[in-house]
Every structure is written in C-alpha cells, then in structure tokens.
Amino acid sequence: MRITCPHCGARDVQEFTYLGDASPSRPDGLEATEAAMFDYVYQRENPAGRHRELWYHGAGCHAWLTVTRDTRTHAIEAVEPTKRPKAGTAA
Amino acid sequence: MRYSIFSLAAQTLAGHRGWKPAWRDAAPKAEYDVLIIGGGGHGLATAHYLASRHGITNVAVIEKGYIGSGNVGRNTTIIRSNYLLPGNTPFYEHSLKLWEGLEQDINYNAMVSQRGVLNLYHSDAQRDAYARRGNAMRLAGVDADLLDREQVRAMVPFLNYETGRFPIQGGLLQKRGGSVRHDAVAWGYARAADQRGVDIVQNCEVTGLTIANGRITGVETSRGPIRAKKVALAVAGNSSRLAAMAGMRLPIETHVLQAFVSEGLKPVIDNVVTYGAGHFYISQSDKGGLVFGGDIDGYNSYAQRGNLPVIEDVMESAMGLWPGLGRIRMLRHWGGVMDMSMDGSPIIDHTPVDGLYLNAGWCYGGFKATPASGFCFAHLIARDEPHPVATAFRLDRFATGRVIDEKGAGAQPNLH
Amino acid sequence: MSTKQPFRTADGGLIDRTQPQSFRFDGTRYEGFAGDTLASALLANGVRLVGRSFKYHRPRGILSAGPEEPNALVELRAGARREPNTRATVTELYHGLEARSQNRWPSLAFDVLSINSLLGPALTAGFYYKTFMWPASFWEKLYEPLIRRAAGLGRAAGHEDPDHYEKAFAFCDVLVIGGGPAGLAAALAAGRTGARVILCDEDFRLGGKLLAEKREIDARASSEWIADTLAELAGMPDVRIMARSTVYGVYDHGIYGVIERVNDHLPIPPAHQPRQRSWRINAKRAVLAAGAIERPIVFAGNDTPGVMLAGAVRAYVNRHGVLPGREAVIFTSGDDGWATARDLAAAGARIAAIVDPRPQIDAGLTALASRIGARVLTGGVVSAASGGRALRQVTIRDASGREQTIACDLLAVSNGWNPTLHLTSHQNTRPVWDEAIHAFVPGQMPAGLSVAGSAAGRFSLAQALEDGARLGSQAAADCGFAPTVDAQPPKTDPEGVALAPVWRVKDGKGRSFRGKAFVDFQNDVTDKDVELAAREGFKPVEHLKRYTTLGMATDQGKTSNIAGLAIMAEQTGKTIPETGTTIFRPPYTPVAIGALAGHHRGQDFRPIRLTPTHQWSKDQGAVFVEAGLWLRAQYYPRPGENDWLVTVNREVLAVRNGVGLCDVSTLGKIDIQGADAAGFLERVYINGWKALPVGKARYGLMLREDGFVMDDGTTSRLAETHFVMTTTTANAAKVMQHLEFCHQVLWPDLDVRMVSVSEQWAQAAIAGPKAREVLRGVVDAQHDISNEAFPYLAAREITVGGGIPARLFRISFSGELAYELAVPADHGDAMMRALMAAGEPHGITPYGTEALGVMRIEKGHVAGNELNGQTTARDLGLGKMMSSKKDFIGRLMAGRDALVETGRPSFVGFKPVDPNQRLRAGAHFIGVGKPAVMEHDEGYMTSVAYSPNLKHWMGLGLLRNGASRIGERIRAVDPVRNGDIEVEICNPVFVDPEGARLHV
C-alpha cells in the first residue's frame, strides 16, 4: 500500500504506523463517565467498507493522518492531516 | 460408513464406488432448536459437541460459502497450550486434550501430530518471561520445558547460532504441541455432526437476524428465513458484521494475517519453531511444504490478502533464524481475516439478546482452540452457563477490567 | 547430426552452436549450447526420463517449455547451493551446470517407491483421512514418519546460502509484464509517448511465444520485428528492459513484486554481485501481456515421458533446434496443434498420425497433412499412451470406437490455451468463463492493470500486436502522456484458432482399466480421484483442490486446474463456470525466500544502533548486550575476572563506595515546548506538573488509556515553557508517537510542540558518593554544583569543557548521590573520556547495564520487567501519584473494578530465607505447605539480582496483597528449573530505604 501524505507525498505504507478507527472521540475532562470512556477505548464499528482511520507518519513528518480507506479493497479515498490549523492561523 | 483400514480395503476392491458423501449437502429446514452461523472449524465443532455431548441434534450449521472456507483452511495448522494467564491456560489445555483424542472421537484422521512447539528466547529478560510462562503452564498441569542453547541446538541444529543478530539463548518447549491437517478438522467435524443428524447447509448467507422483544427468533438468509430457538455466531473475521445485525458493536477489529508455504521438500524440520527476535514461526507439513507466517499486516481489512512489507518481514525473519532457507522457494501466500480483540483473547458468551450466543475474538489463535471452542460453546448453548474452563471469556470483561492480556499490549488490537 | 546431441537439428534455432556448454545430469556428462534450457539440452541428448512424481513415483519427462512445468523438476547445483524442485524448462543452461533427479531411490531409472503405483488403487484421494487411526499412538510413531519420508520432493541444501540478494525499488509510469508480441508492442507504444516504461520478461530472451513459432510480421520473419522493436526501445532513455525478471505478485496501489535472476545463468555469481534482486516496482499503470499456457488432455498414460504439449514441441524445434522425438503423433482438438505437425516435419521428424477429435477439419489443414505425409484421424482420440520410462506407442480410438496402436516416441498434445491471467486474480478478483474460447479470461482487474493479447484470451498474433499497441498507448495516456501518431498495427500471416477442447478421454466401453489418467501430474491426481471427490461431496472447487491436492503442487495447477474443473462439472452435470473458477494466489511462480529477505540476515537482520559513547565503552573492554536494536555495555570485565558476577559486584561496590560512570544515552529524550507544555504534561502523566519549578526534575508515570502503566521517566523543566522528558529505552518511539497522538488528535488546541532528541544528546550517569567531585572536573567553573546550589532533582542547562552546552540533572537510579550529564551527541565520546580523566583520582569505574540493574533492584525501582503492560500504578505501589484534581490519560479506565480490587498482585521485595540460595525471575509464589497448582498461584518474581552490599540474592515481584504481607514467608516455585525455595516478603527498597544518600 501507498499513502499520500499531505505533507510528504506518496510514501510506502512501511513509513506509517496504524492506530485504528478515527471516529471515536475521547470524552475529556473530569466530568467524563467511565461508560463513555469504555465506549471510546473498546467498542468499534469495524465496518467492511469505508473506514476513517488514524495513521502516524512516524518515518516521515510525524503527522497523524486521517485516512479514508475501503477495508474490502484497501482503496484509499482521502488522506487528511488529523490536526487542523486553528481558524485564522496559517497552516 | 465407518472409516477404517477395512472399509478402505473393501472399497479398494470395489473401485471406490461405495463411498458416500462425507456429509449431506442439506437444504435448510424451516426451524431448528439451534442454528449455528458459520461453517468453519468452530461452528462445526460446536455442532458436533452439541449433538454428541448434549444430545441436541435438531441443529443446522449454515455457511455462506463452502464449509471450511474461513480460517480453519487458511492457518498454519499449529496446536499448543503454552499460555500464560489463568484465564487462558486451562482452556487451551482442554483443547489440546480434545485434539489428543479427536480422531477416535470423530472417526476421521486429522493427522494430529505432537512433534513439539519450541519458542526461542534471545535475552535474559525473554528467558525469564518464558520461565514465568513455563511455570504457569506447569502449575496448570501443562507440560513445559525450559531449554538452554545447547539443548535447543541438539533439537534444531540448522538454525543460526553463530552469526545471528539476536543470538539464540534457549527456548521454551511444549512437547505436546504440534500440528494438525487443518482442512480435515472441518471435514471430520462436519461428517461426525452430520452422522448425528445435524444439517450442514452450504451457500446460505445470513442477511439478517430476527429479533423480537429482545429475543432472537430466527435468521434471514439468502435461502429464505429460518426459525430457531437459539442462534450461535461462530464467524470469526466477520463477527462485527453479524453483531451489527443485532445492533451490537464489539471490542473487535478485523485484520488480515498472511501465511506462506514453500515448495515440497524432504523432511528438514520436525517441530514447530518460533523466533523470539522477529515475528516468525515455521513447521513442515506431512506433504513436505514448509508452512510459516509472522505478524498481522496491522490495519483493518476484510480483503483476505496482505502486502509486501509483512511478506518481506517474514522472509527476513526466516533468513535471520535459518539461513539455509535462502534457496528454498515460497510457493504460495495468502491471507485470512480475523477478529482481533481488544485484549488478544476470545469471547464465548451470551449477548444482550436472549438466545443469541457469541463465539468471537479469536485473533490469530483460533485454530488450536477449535475443539475446546466448540466444546465450551456447545456447553454454553445447551446449558446456558459457561463451561468451567471458559469462564473468563466474557463479553463484559472489558467494561469490568478483567481483561486477559497475554502480551500486555492494551486496547490496541493490532499489537496483540 | 551431432552424435553428442543426437536429437539436435542440423541447423536453425536461437542457440549459439559455436558455444557448446557441458553439463551433468545424474552424474552423466552431456553437452548443449548457449541459448538452451536444461530441458532442451536434455532432449537434444535424448534424455526423456527426468523425474519421479510425488505420490506414485511415476517416471516423468518434460511436458512443457515454460514455467508451468509440473514434471521436469530437478535439484540444480550442489552443496550449499543446491536448489530443489527447479524446473528444467526455465533453467538457462550454463557451462558446468550440475543437476540431479529427485524424489527417487536408489536411482531415477529404478525407484523402489514406484511400488506405490501398484498400491495405487488404495492410495486414492484422501485415503489417509480414513485410516491410520488405530491404534492412536501409531500415527506419530509409525505411520506419519513413513509418510513424511516418502512425501516431499527435492532436498533442501541444509547449509547457509552462500550467495547474497538485493532489494531494489523502481518507479515508472507504465509497467509492461511480458516481452512477447503484445508486451513489446505495448512497451513500444508507451515508450514512444515519452512515458517512463519498464518491461519485464521472465525469459532470458525477449520475444515470448514468437520465439517458438515460425511467423511473419509485415511479411518479414518475426525475429526481425523483435530485433527492430528491441532496438527502438533500447534507444529510449526512459525505457528499461528487464529480462530474467518475473513479476510474481500484484499488491495494493500499483505495487508489483519482481524477482530479477541476475546471476542464475552462471555457476556462481561474480564477486560482489547478488544472485537475485527483489524489486518493488511502483507503477501508475501496468499492461499484462503474459501470454497463455497450453492445456493437456487427460487420458490413460498421459504422463508417459514423451507426451508433450504441442506448443512446447514447437518451442524445442524452432527455438532450440531440438527434435523431442523422431516418430510423432499429434493429438489436437484445435487448429493450433497442426502447426506442430508442420514444424516437426520441417525439422525432419516423421508424423505418424494427426488425431483430431473434431469431425470436420479445415481443408487447408488436411492439405498440410498430405504434404507432410501424415495420416489424419478426424473424430478420433488418443485413448492411451504407454511405454513406461519412455513413450513407445499410443492407442488411438476412432470415431466408431475401434482402437489401434501406433508406435511413436513423441505425442504432441494440443487442447487450446489458458490465458496467463494469474496476476489479475492476485487481489482476489475472479476470472470469468468465455465460452467462445473455452477458457477463463480476466474478470474484474486490480486498479491500473490492463491485459493484452493471449493473456486476455485474444490468442492470434494480430490481436496481440493490436492490443499491445492500444493498451500501451492508453496506459501512457492515463499517466498524462499524449499518444503519438497512430501507426497501423503490423500485418501478420494467417493462423487458425478454431478449437473444440476435449478434457478427458475415458476408457472405452467394456474395456478394462488401462492405466492412470492424470489431471495434476506432479501431485498424481487422476480423473478417478476427481470422481471420488465428487462422490464424497467435495464438489466446490476449493474442496476438490484441498481434498485431492489438485493444483497444490509447485506448478500451482497451471496445467491442471481447468481439466479438474471440467471433470467435476461432468460429474455434477454442471457447466465449468457453474462448478467454479480458478483463482491464483501469489506468487505467479515460486520465489526464493532469500531473495525476499535481501540483505536482512545474519548480523544485518536488523540495524544495529550504537550510542555516541560506544567506542569509549569498547576501549574499556565492555561486553555488549542487545537492548532492542541498541547495543549497550553490559559490564566491563577486567583481567582475571572470569565470571560476569565478579565484575558486576565490583562495579556495584565501586559506585556505592566511590564513583561510577555509565552510559545512559539510549533513554528516550523528548523536547517539549510551548505555552501549554505544562498543561500537556498534566494530561499525559498521572501526577502534577504545573507546580514544578524551573530548574527541577520530577519522576513521572504515564498510563495507557486503558488504565495500565505505559512508561515512566524523569521530566525536567528547563524554562517556563520548556521541558525535556525522558522515557525508557524500550518505549522511546512508542511514547513519542503517543505524545504526538495526544497533541495532534486529542488536544490540537494546546500550544505545544515536541521533538525526539534521543539521538541528539549523549547522556551519562555519574553515580556514587564522589560524583560531585568528579563532575567538578568537567563542569565549567561559573556553574555552582554544590549541594546547596544544585540539590537533589535540580536540572539545568550548563556548559562543560569550556563552553560546550550541556544539561545536568541531579537524578539517581542507583540511590547514590548521582547526576546525569547530557551533551550534544558529537561530544559524547569526549565527555566520557573527560569524566574518566576527572574521575581517575577518585577511582572512577565504568559500569554497565548489569550493575545498573543490580542497583535499581537494591533501590526497588520498577523497570521493564514490572512495566510489562499488565500492571497498574497501584500494583507498583505508585497509586498515590495519581492526581484526583485533573483529567489524564488512563484515569477513568484505571478505576474499573478489576483494576482497583483488593487482592491484585502488588509490588514487594523478596529475600531468600536461606541467604545462600539463589532467586530466579519467573518463579511463581505458592503458599508454604500448599500444593504447587494454579489455584494457589499468588504471583511471580519479576526481577532478581545478587546484591554485593547485602551479600545475598534479592528479588522484586508481584504478590497478591503483597504490600500487607511484609515479613511473611512464601515459596518461590520454579518448576521449569526445578526450583522451590522459601523466601521472605520484604520492603522492595533493600538499600538506604530512607533515601539519605541521595541528598548528600
């Protein structure tokens, strides 16, 4: 597989580390509940098809990327930096 | 017909015209007491034990393709019970004991061959970790031997002892580990279950689960609806997809694991050997092919195929461990998709839906577990209580924190 | 005709008759020519019997002239270079080649295990599943060893491969796979647009099927067209032609695996050259022009040496100048086989008969037959071939069922061709049946791949050239290269492609069984085996394959799958496509394991990481140990120290009583800066960071989000917005990735940046009561490092050696007065030497990881053995560090029932009741007087060491309710090392529990 890093261009998958589903978002703060955290840490949709997922370009720019990939065909539809620049600032 | 040297001899004289189908290619009935989804090793074993141990025979195993098309026919055929944690060890030991009597139980030669599984270690810390594991095994009544470098060399002299990057210091040996002819496991269980009246229904894909008032009443399939009092999922690799039909999410990701076989060779290695400094394990089949594999590719995939980085990693480990393999050719590589669970251990449990049972999360260790998985799943389905050796495999263990994390890798499936 | 090569034609062929090459097969010396394959050279010498089959040990010859060969497998080369199962049909002949037949004993001509053939009626498909079950113990003791010995094919070398291998990477616009007419046309069309093109062909000579044929292109011999095309391609700077290069696999996103056999055509590779090179080619587009593979027919004795594929016969005659036989019968179900009759006759063979099952034959063909004096039997079939080790006669059954025998030494069989579409199914897409050509053709394709010519089922030369030009041009256009002016595809001479395939010839009515008819030659799968599989319900094609082993041999069913399907279809009353499709997994042909490993073997298996102080350690006589990829100094033996423990004890005592020096550069170091840096640390560590003053260090513990401990280390605040974190050596990369995750994914709004500086700083620990005095010798004078000015846990940026920037931390793993001094990596070696010089008057002693480990156990610090991913902060006695005033990674999950319940194993120390006894890590704790079984397992020993200060072994471990059981006795049981000793549970801090020595 090759992943087109928005910063570095198309690179071999060996440069990247996979984490998993990008959709769960961490329940932050002291108010967060154990149940919500359990859901975030453990429960997965695990779809056969379109999957938004996190990859880390550890052997490149160290960016975390959100990759939209089909888990049946491995075809990649989109690659975006997970961290978006704050509104009004330069990237 | 019972299989034996006598029936084989008789059929040889008769030109083999008298052999019957190993199992009936059944059409689905309208209703069953128990419907098992998934005609892989675990599903078929479950059917056999339901019928033979619990007398429940109004059972169907429904399979979307042909039986044995999943991981029971795609693995590297290794059996062992060298586990560390108390949630696992008794279960896998139970499995190994069932393997040891399997052929007589199902009257099918699956070629269970206990030639030993040897895990190599390459550092003091790894030795101590294997000692901890070996001791845990011995306390659980499982055979384990900690070998030093010279004992390992005497067993497998052809490995790289002199110039390896990570010198071999010794190994943890389980003599009762070994390998089994994988396809025969599916066929043997299917035949045994069929002979007790279980319907094996192939080319029957489940398209929906019928649930009313929190209770399952049947399934929708490509061959029409089937009613059932109990429905059991044994579809590792696709567990999440089936669970989604019941509105459930699971602590599971689907990943691809590749495996490899070489061209046929005269016997070169008797045991199963695993490399402790890379992801690699190897054995030789009775037919002569070296069967080997390594790590999972590491990304969610339902594609049943992997990519070159892992292929090369496996070959590098092969050469790192055994430099005599250089001119041996890899004949075929393939991938299987598996349920990678959040702690690396399986689930055999009820679900929140009454009458719906779950057997999932086998990671890449499902083959060796086949007999005990079927045995314990059948127990759970028949009696509605977990079998004593499988009590830890609960679905709610992630919420309570009673995880069974052999590797200590945490809630990240691709690290287990 | 040469007497040396009795079957060599007088002239012709693409061999170099001026370059004779002698070789040995089974010890006998023969001669061939440059341009031969081992198979063609054997045939030139009249050698028919080349191998033995897998199960029945049947005598086997040469079936094909290509990579599909199931029979002619040999052990090539000798000694450590022995290559079992090598296909003679693709082995390029070289001077001095040595080959042996395999899977026979004692000799190829007389093989004892050919008795299996007599047992054949019992040894049907899957017979072993039905027997060998009684008595149970006999399987492993008797039956299986016998089966294992009989099975297998060639013998592995058994020695380290003396040759080496390379990996290479290439990028191109268009990859063309196959250098036959379609591939050459595709490369030419793409190359002319200016696209970057790579053309790979598995053969050592480009031209593909044209090399085996007498064809004309634009009214000239096709060889001229090949030469012109290659010349034009060679003149294109962005076109690369790779012969001897097999594209073996298609992977995601346009990645193609290729093996280039750089030096397999030489006895041994020249010095410093690889045997093979493994390429990963990244191609935007690819054109598959891999040709087609001819299909045999199943009939009794169809495996007899001398029965060959008709196209292969043409290859031997036309390309190699070899007559595979002098008295030939042609059995063909289509027009194509007739060309073999023509070419054989032209080369001087007699055509005894042409047997064509079709009732009507084109008049042109019958005219050909009469021209060459061949009998024609239309509507007939060959029902048997016989002769044992070499074909002697065939039995022909005519349309009315009458049989006759014809003596011959060659039977050329033609039954149409299967497109070589293997690569198209590598991504699990299935081929589809094309009834018009009676073959599977590519179905859904991997992205970016197109198929030209025979590989697409378009078998004529005209179609190949047309497809190649069109698809080559299209592939380049897809990459943005404008097509050149359309040249007319070249004109070709006419050819017949009509076909009515015959999958198998059954025994005649009322006739007795005449012998085995093979579907899969190598694995000895007969038509009867397929019938048995159908009878027993193994009807899906995958069941058929797995039950009978059809298609599982080294040729992966290239010549057998289709006949197997056809016979199964006949049994079940279905069509071939209803029965199933053939799907091929990578690799297309087997690939040497060494090639895919490249140079990653021996010491080069994985990179070696050396610290900046490595040379210094070496100079000190260090023994090194692997720590992940790092090599670290383990201990520094002195002359006369014969036991590592003696050395380690000396090093420990030197630190505790004087001063020692240890490299700790491998620790992970992460520089963290930004206005929110302290807030960021608050979220990743369990303890507080906001109140840490500038110039101070603090021990920190981080959890995974699931609440278990991830890593620990000290982090220092160098400025209000600047921290430097240390991690354990093992987790350096993991923690870096985790921090980036926390920042970029979880809290992108925090103003913080981080970078790994592990390799930028060399770091040393100076430990012992005299550490300060040593340090004074290297720290520049303006920095006050007195106990008052630079107390325990002070951390500052300083200079050393006259202005070299450095960082000094007063932290201690040993429990002594200790510092860690970091300098830019380039100065690491100088730092160690300067510290040694400064410490000389104080008896400074280098110490390694062993002594480091002893002292950390004496101090009860947790390390890798305790931070094993299964322990919580509470388990390790560090629960109190968890702040309740803030959120941090792992906080909620660490509160789950099972993680906080009493009775979890917790961290304590152990000492042997008998001080002479040795402790072992990995021992389990069992109550005194209780049976050593799982139910009584209360934990295990994580770390042990001998303390030269205490003069006994000490251990750390995790014990159920450990912290509340100090003073109790328990057993450390170690059955795998026959250990069972009593130990006393104690405080895990063995030395200076008050920590007074830290503060002096």
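Lettering follows sequence order; numbering is per chain, from 1.
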> Contact part of A150(C) toward chain B, heavy-atom cut-off under 4.5 Å: side chain, backbone, both or neither?
Replying inline: backbone
> Is it the backbone or the side chain of L629(C) that comes under 4.5 Å from a heavy atom of chain B, or both, or neither?
Replying inline: both
>> If you compare all heavy atoms of A597(C) against all heavy atoms of M319(B), which two are closest, and at what distance to 0.1 Å?
In response: CB-CG, 3.4 Å
>> If I compare all heavy atoms of P84(C) with all of I328(B), which pair ends up nearest, and what's the gap?
In response: CG-CD1, 4.0 Å
> Less than 4.0 Å between a side-chain N and a carboxylate O, is that true for R327(B) and E75(C)?
Replying inline: no
> Is it the backbone or the side chain of P135(C) that comes under 4.5 Å from a heavy atom of chain B, or both, or neither?
Replying inline: neither
> Is it the side chain or the backbone of F584(C) that comes within 4.5 Å of chain B heavy atoms, both, or neither?
Replying inline: neither
> Mind checking whether V933(C) and L139(B) have side chains closer than 4.5 Å, heavy atoms only?
Replying inline: no
> Which bit of L73(C) comes within less than 4.5 Å of chain B, counting heavy atoms only: side chain, backbone, both or neither?
Replying inline: neither
>> Tell me which of these, A156(C), A921(C), G537(C), has more heavy-atom pairs under 4.5 Å with chain B than the rest.
In response: A921(C)
> Looking at L308(B), V403(B), D405(B), which one has more heavy-atom pairs under 4.5 Å with chain C than the rest?
Replying inline: L308(B)
> Is it the backbone or the side chain of Y128(C) that comes under 4.5 Å from a heavy atom of chain B, or both, or neither?
Replying inline: both
>> Taking side chain as everything from C-beta outward and backbone as N, CA, C, O, which of these in R704(C) sits under 4.5 Å from a heavy atom of chain B? Side chain, backbone, both or neither.
In response: side chain
>> Is A553(C) in contact with chain B via its backbone, its side chain, both, or neither, using a 4.5 Å heavy-atom distance?
In response: backbone
> Checking heavy atoms, do the side chain of K167(C), its backbone, both or neither come under 4.5 Å from chain B?
Replying inline: side chain
>> Side chains of R138(B) and H924(C), heavy atoms from C-beta outward: is any pair under 4.5 Å?
In response: no
>> Is R920(C) close to chain B through its backbone or its side chain, or both, or neither, when contacts mean heavy atoms under 4.5 Å?
In response: neither
>> To check you understand the geometry: which heavy-atom pair defines the closest contact between E542(C) and Y66(B), and what is its length?
In response: CG-OH, 3.0 Å
> Do you know which two heavy atoms are closest between D286(B) and R148(C), and how far apart they sit?
Replying inline: OD1-NH1, 2.9 Å
> Are the charged groups of D148(B) and R977(C) less than 4.0 angstrom apart, N to O?
Replying inline: no
> chain B: which of A80(C), P540(C), A932(C), A122(C) shares the most heavy-atom pairs with it under 4.5 Å?
Replying inline: A122(C)
> If you tally heavy-atom pairs under 4.5 Å against chain C, which of G289(B), G68(B), S317(B) wins?
Replying inline: S317(B)
> Under the side chain to side chain contact (heavy atoms under 4.5 Å, CB included) criterion, do Q556(C) and R332(B) qualify, and how do the steps go?
Replying inline: CA-CA 8 Å; Q556(C) 291 285 284; R332(B) 184 170 70 245; 3.0 Å; yes
>> What verdict does the side chain to side chain contact (heavy atoms under 4.5 Å, CB included) test give for L596(C) and I311(B), after you've listed the backbone C-alpha separation in whole Å, the side-chain angles of each residue and the deciding distance to 0.1 Å?
In response: CA-CA 8 Å; L596(C) 289 171; I311(B) 296 169; 4.2 Å; yes
>> Determine whether F605(C) and Y275(B) satisfy the following criterion, ring pair (Phe, Tyr, Trp, His ring centres under 6.0 Å), listing intermediate values before the conclusion.
In response: CA-CA 13 Å; F605(C) 166 58; Y275(B) 191 24; 5.6 Å; yes
> What part of S278(C) gets closer than 4.5 Å to chain B, counting heavy atoms only: side chain, backbone, both or neither?
Replying inline: side chain
> When you check the side-chain N and O atoms of R305(B) and Y251(C), is any donor under 3.5 Å from an acceptor?
Replying inline: no
>> Can you confirm if the NZ or CZ of K287(B) lies within 45° of the ring axis of F54(C) and under 6.0 Å from the centre of its six-membered ring?
In response: yes
> Can you check whether L265(B) reaches Q102(C) side chain to side chain, under 4.5 Å on heavy atoms?
Replying inline: no
>> Is any side-chain heavy atom of I593(C) closer than 4.5 Å to one of W322(B)?
In response: no
> So which of R165(B), H16(B), M315(B) has the biggest tally of heavy-atom pairs under 4.5 Å with chain C?
Replying inline: R165(B)
>> Please identify, among H599(C), Q427(C), E531(C), H426(C), the residue contributing the most non-hydrogen atom pairs under 4.5 Å to chain B.
In response: Q427(C)
>> Between L532(C) and W19(B), is the side chain to side chain contact (heavy atoms under 4.5 Å, CB included) condition met? List the steps.
In response: CA-CA 8 Å; L532(C) 177 65; W19(B) 293 115; 3.4 Å; yes
>> Any heavy-atom pair between the side chains of T12(B) and F127(C) that's under 4.5 Å?
In response: no
> Considering all heavy atoms of both residues, which atom of L84(B) and which atom of Q870(C) are nearest to each other, and what is their separation?
Replying inline: CD2-NE2, 4.1 Å
>> Between N85(C) and chain B, with a heavy-atom cut-off of 4.5 Å, which part of the residue counts as in contact: side chain, backbone, both or neither?
In response: both
>> Could you walk me through whether N107(B) and K130(C) satisfy the side chain to side chain donor-acceptor pair (under 3.5 Å) test, starting with their C-alpha distance in whole Å, then the side-chain angles of each, then the deciding distance to 0.1 Å, before giving a yes or no?
In response: CA-CA 8 Å; N107(B) 179 230; K130(C) 295 170 181 154; over 6 Å; no
> What part of Y248(C) is in contact with chain B, defined as an atom under 4.5 angstrom from a non-hydrogen atom: side chain, backbone, both or neither?
Replying inline: side chain
> Do R606(C) and F166(B) pass the side chain to side chain contact (heavy atoms under 4.5 Å, CB included) test, and can you show the C-alpha distance, the side-chain angles, and the key distance before you say yes or no?
Replying inline: CA-CA 9 Å; R606(C) 289 291 177 260; F166(B) 300 100; 4.1 Å; yes
> With side chains defined as the heavy atoms from C-beta onward, is the minimum distance between M133(C) and S4(B) less than 4.5 Å?
Replying inline: no
>> Quiz question: by atom type and distance under 3.5 Å, do the side chains of R329(B) and T86(C) form a donor-acceptor pair?
In response: yes
> Which heavy-atom pair separates W23(B) from F538(C) by the least distance, and what is that distance?
Replying inline: CH2-CE2, 3.7 Å
> Looking at M111(B), Q11(B), K20(B), which makes the most heavy-atom pairs under 4.5 Å with chain C?
Replying inline: M111(B)
> Taking G594(C), G158(C), G922(C) one by one, which has the highest count of heavy-atom pairs under 4.5 Å against chain B?
Replying inline: G922(C)
> Do the side chains of R535(C) and R17(B) get nearer than 4.5 Å, heavy atoms only?
Replying inline: yes
> Can you tell which of R546(C), M941(C), E901(C), E160(C) has the highest number of heavy-atom pairs within less than 4.5 Å of chain B?
Replying inline: R546(C)
>> Using heavy-atom distances under 4.5 Å, tell me whether A22(B) contacts chain C through its side chain, its backbone, both, or neither.
In response: both
>> At a heavy-atom distance under 4.5 Å, which candidate from A411(B), P267(B), G288(B), G335(B) has the highest pair count against chain C?
In response: P267(B)
> Do S113(B) and E144(C) have side-chain N/O donor and acceptor atoms under 3.5 Å apart?
Replying inline: yes
> Under a 4.5 Å heavy-atom cut-off, does chain B meet the side chain of N103(C), its backbone, both or neither?
Replying inline: both
>> Counting heavy-atom pairs under 4.5 Å with chain B, which one of G869(C), A923(C), G864(C), P587(C) comes out on top?
In response: P587(C)
>> If you define the side chain from C-beta out and look only at heavy atoms, does anything of Q202(B) sit under 4.5 Å from H543(C)?
In response: yes
> When the ring planes of Y108(B) and Y129(C) are compared, do they come out parallel, tilted or perpendicular, using 30° and 60° as the limits?
Replying inline: parallel
> Between G73(B), G278(B), G101(B), which shows the greatest number of heavy-atom pairs under 4.5 Å with chain C?
Replying inline: G73(B)
